[in-house]
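These notes are about the structure you will find just below.
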Amino acid sequence: MKKVISWLIRFVPRKYLQRVGGFGLKVVGLFYRGSAVTCPVCSTSYRTFLPYGRIKPRPNALCPQCLSLERHRLIWLYLQEKTAFFTAPLRVLHIAPEACFIPRFEKLHGDRYITGDIESPLAKVKMDIHAIPFPEKTFDAVLCNHVLEHVHDDIQAMREICRVLKPGGFSIMQVPLFAPMGDVTIEDTTITDPRERERLFGQDDHVRKYGRDYSRRIERAGLRAVEDNFVNTLSREKQKAYGLVPGEIIYTGFKP
Ligand SMILES: [Zn+2]
C-alpha cells in the first residue's frame with residue numbers, strides 16, 4: 001500500500017493527482033492522523049505530512065486532506081499575515097489555480113475571485129497569460145505561482161499582470177528555484193525535447209531556469225519587486241508545525 005501511494009504521488013502529474021487522487025489520499029490521511037503538524041489551509045492535523053517529490057521525495061510535504069505542499073502553506077500564511085487578502089473584499093485573478101485554494105478563496109471573495117488558465121479544467125476563464133482578457137486596473141491581487149517557468153515570454157506575461165493590477169495592487173509570483181542557483185536566468189524556448197528541458201531547466205515542461213536576477217525580471221515588467229523572507233520570521237517550531245521550508249522566499253510584485 002505504502003509503495004503504491006509513494007509511486008502515485010511521485011509519478012502521477014500533479015494536475016491529475018488533484019483531480020483523481022484526492023479521495024484516496026484522504027483515506028491514507030486517516031492513518032497519519034496526529035498532532036505534530038497542522039495544515040493552515042484546511043486546518044487538519046497529522047503526525048506528519050506525506051512525502052512528495054519526483055526524484056528525491058521530500059519528507060513532510062503533502063497534506064493528505066487538501067493536497068497542499070510546503071509552498072501553498074507558506075503562501076496561505078503570508079497572505080494571512082502580510083496582506084489584506086483575508087480581511088478586505090478584493091478583486092482577485094488566480095492564474096493556474098491550485099486546487100487547495102480554490103474553494104477557500106471563492107468563499108472569501110465570491111464573484112470577485114476569478115480563476116484563469118490556458119488548459120486547466122479547474123479554471124473558470126480560458127486565457128493566455130500573454131494577453132490577459134481583462135481591462136487595465138481590474139484586480140487588487142493576482143496570484144500566479146509556478147507558471148512563469150512554463151510560458152514562452154515571461155516578461156510579457158508579467159507586463160500583462162502589471163497592466164490588469166490596480167495601482168497599489170500586488171501579485172505573488174513564485175517560481176521554482178533550484179540549487180545551485182545561477183546569477184542569471186537561463187532560457188531557450190526553442191528547446192522542445194523533454195529530456196533536454198529536464199536537464200537544463202529542471203522539468204520536462206519548463207522553458208527557463210530562474211537565477212538570482214528573478215526580481216530584476218519582475219521589475220523589467222514595470223512592477224516593484226519585493227523578496228520576503230517571511231518564513232524565517234516564524235519560529236523554528238512554527239516552521240515545523242506547518243511543514244514549511246526555511247529560507248523559501250516569497251516574490252511579490254507591486255503595481256506602483
Ligand atoms: Zn491541508
Side-chain angles (χ1 to χ4, degrees), residues 2 5-29 31-34 36-82 85 94-105 115 117 120 122-123 143-150 172-179 201-206 209-210 228-232 234 238-252:
K2 237 183 172 176
I5 294 155
S6 114
W7 182 88
L8 188 82
I9 57 187
R10 279 179 65 193
F11 294 107
V12 175
R14 197 166 161 78
K15 56 183 175 185
Y16 300 117
L17 189 67
Q18 296 193 130
R19 270 182 258 166
V20 299
F23 177 74
L25 287 175
K26 275 180 195 163
V27 174
V28 172
F31 299 95
Y32 280 79
R33 278 296 169 97
V37 298
T38 300
C39 173
V41 180
C42 68
S43 308
T44 315
S45 296
Y46 296 99
R47 55 188 165 80
T48 173
F49 294 116
L50 300 175
Y52 187 84
R54 273 182 59 212
I55 293 148
K56 197 169 162 247
R58 309 181 300 276
N60 203 32
L62 179 74
C63 172
Q65 178 66 26
C66 72
L67 307 185
S68 73
L69 293 171
E70 302 95 322
R71 63 176 190 258
H72 305 120
R73 297 189 289 272
L74 178 64
I75 290 166
W76 180 275
L77 293 167
Y78 178 87
L79 287 171
Q80 207 166 42
E81 297 201 14
K82 305 247 352 201
F85 196 86
H94 193 174
I95 301 170
E98 298 95 330
C100 61
F101 291 149
I102 296 172
R104 295 168 175 94
F105 289 173
T115 51
D117 193 90
S120 169
L122 299 174
L143 308 175
C144 179
N145 300 309
H146 287 240
V147 173
L148 297 168
E149 69 277 18
H150 299 275
I172 296 188
M173 295 182 287
Q174 299 300 91
V175 293
L177 296 166
F178 304 102
F201 311 129
Q203 197 171 298
D204 60 12
D205 57 352
H206 290 181
K209 178 176 179 258
Y210 285 100
D228 198 322
N229 197 356
F230 164 70
V231 68
N232 283 15
L234 304 174
K238 268 198 174 168
Q239 292 175 0
K240 272 191 183 162
Y242 291 135
L244 306 173
V245 177
E248 184 171 354
I249 301 290
I250 297 263
Y251 289 85
T252 312

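Taking each heavy atom of Phe49 and Ala61 in turn, the nearest pair found is CB-N, 3.6 Å. The shortest non-hydrogen separation linking Cys100 to Cys66 is CB-O, 3.1 Å. Nearest heavy atom pair, residue Val175 against residue Glu149, reads CG1-OE1, 3.9 Å.
In this view, Asn60 and Thr48 satisfy the side chain to side chain donor-acceptor pair (under 3.5 Å) rule, not counting sequence neighbours. Judged as a side chain to side chain donor-acceptor pair (under 3.5 Å), and not counting sequence neighbours, Gln80 has no contacts. Residues forming a salt bridge (Lys or Arg N to Asp or Glu O under 4.0 Å) with Lys82 (at least two apart in sequence, or on another chain): Asp228. Under the rule for a salt bridge (Lys or Arg N to Asp or Glu O under 4.0 Å), the partners of Glu70 that lie at least two apart in sequence or sit in another chain are Arg58. Checked against side chain to side chain donor-acceptor pair (under 3.5 Å), Tyr46 has no partners two or more places apart in sequence or in another chain.
Taking the side chain as every heavy atom from C-beta outward, Glu98 and Ser68 never approach each other to under 4.5 Å. Contact check for Leu79 versus Phe101: no side-chain heavy atoms found under the 4.5 Å cut-off. A 4.5 Å side-chain heavy-atom check between Trp76 and Phe85 finds every atom pair outside the cut-off. You'll find the side chain of Thr115 stays beyond 4.5 Å of the side chain of Leu122, heavy atoms only. Leu143 has its side chain out of reach of Ile75: every pair of non-hydrogen atoms, C-beta onward, lies at least 4.5 Å apart.
Interatomic distance, Leu74 CG to Leu69 CG, rounded to the nearest 0.5 Å: 12.0 Å. Lys26 contributes atom NZ, which lies 9.0 Å from atom OG1 of Thr44 (distance to the nearest 0.5 angstrom). Atom-to-atom distance recorded for Cys42:SG and Arg73:CZ is 9.0 Å, nearest 0.5 angstrom. To the nearest 0.5 Å, atom NE2 of residue His146 and atom CD of residue Gln174 are 6.5 Å apart.
Using the six-membered ring where Trp is involved, His150 and His206 have ring planes that are perpendicular, over 60° apart on the 30 and 60° scheme.
At least one donor-acceptor pair under 3.5 Å links the side chain of Arg47 to the backbone N or O of Phe31.
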Hey, can you pull the donor-acceptor pairs under 3.5 Å for the side chains in residues 240-252, sequence neighbours left out?
residue, atom, partner, partner atom, Å
Thr252, OG1, Tyr78, OH, 3.3

